[in-house]
Amino acid sequence: MNILFVMYDQLRFDYLSCAGHPHLDTPNFDRVAAMGVRFTNAYVQSTICGASRMSFYTGRYVSSHGAAWNGFPLRVGEHTLGDHLREAGMDCWLIGKTHMKADTEGMERLGVDADSIIGVRQAECGFDAWVRDDGLWAQGPDGFYDELRSPYNAYLNSKGYASENPWADHANAGITEEGEKASGWMFANADKPANIREEDSETPWLTRETIAFMDQATAPWCAHVSYIKPHWPYIVPAPYHNMYRPQHVPAATAHPEEREDPHPVFGSYMGGKVAQAFQREDVRDKVIPVYMGLIKQCDDQLGVLLDHLEETDTLKDTMIVLTSDHGDYLGDHWMGEKELFHDPSVKIPMIIYDPRAEADATRGTTCDALVEAIDLAPTFVEAAGGTVADHILEGRSLLPWLRGETPEWRDYVISEYDFSGTPHADILGLAPRDCRLFMIFDGRFKMMHAEGGFRPMLFDLQADPEEFFDLAKGTGHDAEIDRLYASLAEWGRRMSQRVTRSDAQIIAGRGRSRLRGILPFLVDGSEVPEEMTAHYRGPVAQRFTKD
């Protein structure tokens, strides 16, 4: 069996028709949901691209793998999905984005040749790269944001887009009435069609790369198809730029109570430039229809992939996973972007189609178990027929849920966020090591803990599903706060760094040193079998002591 692991960047869990969006029709996402299981309580381990993706790719929490922010390197030697799958006999390929920063200092320290197979895989987050394109080819006074070469820009140049940076000048820019570039970086330009042929825009291009990979691949393979959209810049080519209108924009999920004596970290973010922009209805009326258009284009291209799998008779042999690295506030909770722990940011879509007969009983169903992004790595290993290295992988395989079983499961999910690289650290006067947030959610109560001496935040999603009322502002909820802190402490005591020996290896190794002659604390030797002391008994060959 093959695995098609599709990730969309910044796709909200509720912006799919199968998840109940009132206006956005996504028949191909719905098509996969009808073939498999849609998990309705899936959460990322961090709400920022790089840290979240490193958790997906390692199957480990952020504080375990350490790559806590965009541009924080994933340390050399960290086990990745590719390592686990290759051990199970499955190749693991990348098509698109990882947002991974290589630990070049670590590679140099250990003498790892960057051009060797090992070195390349270390630099590509454990994947073999069919094509890597992180999709943000921004350019400023200090040069390009991404120092790598852009395969997508090279493709556009080959198609006649003569710009030095056609990603910025065409794929993510429209045209003003005066014939000037209208950059997608400016919200005011969001409703303009991108100055590019639709078939040359990012999402169709990556779809074609995926089909090219599948057509030449030999099974079994896992292909991580990682689209940059619907991530900003919020601009999309025709005809998707005007498919949706302001009347299709849901009202912001926000309440004045949230701005009354807010948690200092939350207050800082609500006062930031991105949040202030999304607090404006004119911005939301321009941006959100385009965000919906980007999702619609993603759905159409998903249909292209599904049709190709059917036409080549490989759908029956291919597990399909659809998910996102985090959500997008879009003005909810007076916020823009992502980063904090309200559901629009931390909760993600997750749909899994398993073609095997064992999953027939659950087709077209939903599962409300508390699922974490790190669960996908052990799911893939088990699906590939491998043994899950549960001393390394901190997630849990989802295959039992796909088979209709009810396994013993977790009581809470965890997400972490390190904002030490943001302006909010300076605003709050915090040292980098105190800029850490933790979320724990037990299915009803969600608590955020902030280092730096702050109070927590607490929401009761049963009584307050919109997460408006921070119960930790007042009194009367100490028991819930204490209970969640106890669970957070339990999670903090997890075994996370003993990754070089499994439980089975430890058990098998018990007593082995005795068989190699390490026999301390014996009184006369009768305590152990004679074979263990054979080398320590018998006649003396030479005498060097005096009577």
Side-chain angles (χ1 to χ4, degrees), residues 1-5 7 45 50-67 72-107 109-130 132 213 217-226 319 321 323 325 372-399 494-506:
M1 187 177 69
N2 303 315
I3 300 172
L4 187 63
F5 171 26
M7 181 178 289
Q45 271 47 78
S52 174
R53 288 168 177 272
M54 295 313 103
S55 287
F56 273 102
Y57 304 152
T58 63
R60 291 164 59 75
Y61 292 103
V62 175
S63 50
S64 296
H65 62 66
F72 285 22
L74 183 68
R75 62 176 170 248
V76 65
E78 188 75 22
H79 286 80
T80 63
L81 181 60
D83 297 315
H84 294 289
L85 289 181
R86 277 188 284 271
E87 188 172 340
M90 177 177 279
D91 291 336
C92 193
W93 289 85
L94 168 68
I95 307 166
K97 173 180 178 175
T98 61
H99 216 127
M100 182 261 191
K101 178 78 170 179
D103 181 10
T104 54
E105 291 183 6
M107 292 170 66
R109 184 181 76 250
L110 298 174
V112 176
D113 182 358
D115 295 325
S116 66
I117 293 177
I118 294 174
V120 170
R121 285 175 175 167
Q122 285 291 325
E124 295 291 1
C125 210
F127 294 103
D128 291 318
W130 175 259
R132 176 180 174 179
F213 165 80
T218 56
W221 49 258
C222 173
H224 177 41
V225 181
S226 184
M319 173 179 278
V321 177
T323 192
D325 58 349
E372 296 183 317
I374 56 175
D375 293 337
L376 287 182
T379 301
F380 295 168
V381 173
E382 186 178 354
T387 299
V388 175
D390 59 7
H391 62 299
I392 303 172
L393 294 168
E394 297 185 287
R396 307 181 186 191
S397 172
L398 298 173
L399 290 190
R494 73 196 184 280
M495 188 205 73
S496 62
Q497 297 301 324
R498 197 246 291 152
V499 298
T500 57
R501 284 291 183 273
S502 69
D503 288 358
Q505 288 172 317
I506 290 171

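Predicted model, so just to flag it, every value in this text is computed and none were measured.
- A donor-acceptor distance shorter than 3.5 angstrom exists from the side chain of Ser52 to the backbone of Asp325, with no hydrogens or angles considered.
- For the atom pair NE2 of His391 and NE2 of His79, the computed distance is 6.5 Å after rounding to the nearest 0.5 Å.
- Of all the heavy atoms in Leu399 and Ala383, the pair that sits closest is CD1-N, 3.7 Å.
- One distance of note links CE of Met90 with CH2 of Trp221; it measures 8.5 Å at 0.5 Å rounding.
- Looking at every heavy atom in both residues, Ala88 comes nearest to Gly386 through CB-CA, 3.7 Å.
- Nearest approach of Leu85 to Cys222, heavy atoms of both residues: CD1-CB, 3.6 Å.
- Looking at every heavy atom in both residues, Ala389 comes nearest to His84 through CB-CE1, 4.1 Å.
- Taking the salt bridge (Lys or Arg N to Asp or Glu O under 4.0 Å) definition, one finds that Glu372 meets it with Arg410, sequence neighbours left out.
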Could you give me the CA-CA distance, side-chain angles and deciding distance for Glu382 and Ser397, then say whether side-chain hydrogen bond (donor to acceptor under 3.5 Å, both in side chains) is met?
CA-CA 7 Å; Glu382 186 178 354; Ser397 172; 2.5 Å; yes
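- Looking at every heavy atom in both residues, Val388 comes nearest to Leu393 through CG1-CD1, 4.0 Å.
- Side-chain atoms of Pro378 and Asp390, non-hydrogen and from C-beta on, never get closer than 4.5 Å to each other.
- For the atom pair Asp91 CG and Arg86 CZ, the distance stands at 7.5 Å (nearest 0.5 Å).
- Between the CD1 atom of Ile392 and the CD atom of Gln497 there is a distance of 11.0 Å, given to the nearest 0.5 Å.
- Minimum heavy-atom separation, Ile95 to Ala223: CD1-CB, 4.2 Å.
- In terms of modelled atom types and a separation under 3.5 Å, the side chain of Asp375 and the main chain of Gly395 share no donor-acceptor contact.
- Within the 4.5 Å cutoff, side-chain heavy atoms of Phe380 are placed close to those of Val321.
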Between His65 and Gln45, does a side-chain contact (heavy atoms from CB on, under 4.5 Å) hold up when you go through it step by step?
CA-CA 11 Å; His65 62 66; Gln45 271 47 78; over 6 Å; no
Would you check, one step at a time, whether the test side-chain contact (heavy atoms from CB on, under 4.5 Å) holds for Ser226 with Arg53?
CA-CA 10 Å; Ser226 184; Arg53 288 168 177 272; 2.8 Å; yes
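- Contact of the Met100 side chain with the Tyr57 side chain is not registered, since no non-hydrogen atoms from C-beta on lie closer than 4.5 Å.
- Ring orientation note: the planes of Phe56 and Phe5 are tilted relative to one another, at an angle of 30° to 60°.
- Panel note: side chain Glu394, backbone Tyr61; a donor-acceptor pair is recorded below 3.5 Å.
- Looking only at side-chain heavy atoms (C-beta outward), Ser64 and Arg494 come within less than 4.5 Å of each other.
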Please table the atom pairs, donor to acceptor, closer than 3.5 Å between any side-chain atom in residues 112-120 and protein atoms at least two apart or in another chain.
from, atom 1, to, atom 2, distance (Å)
Asp113, OD1, Asp115, N, 3.0
Ser116, OG, Asp113, O, 2.7
Ser116, OG, Gly119, N, 2.9

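- One finds no salt bridge joining Arg109 and Asp103 here, because no Lys/Arg side-chain nitrogen approaches an Asp/Glu carboxylate oxygen to under 4.0 Å.
- Atom CD1 of residue Ile374 and atom CZ of residue Arg60 lie 9.5 Å apart, to the nearest 0.5 angstrom.
- Rounding to the nearest 0.5 Å places CH2 of Trp130 at 12.5 Å from CG of Leu94.
- Side-chain contact check for Ile506 versus Arg498: some heavy-atom pair is nearer than 4.5 Å.
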Begin from the C-alpha positions of Met54 and Glu78 and carry the test side-chain contact (heavy atoms from CB on, under 4.5 Å) through to its verdict.
CA-CA 10 Å; Met54 295 313 103; Glu78 188 75 22; over 6 Å; no
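- Counting only distance, with no hydrogens or angles, the side chain of Thr80 and the backbone of Thr58 share no donor-acceptor pair below 3.5 Å.
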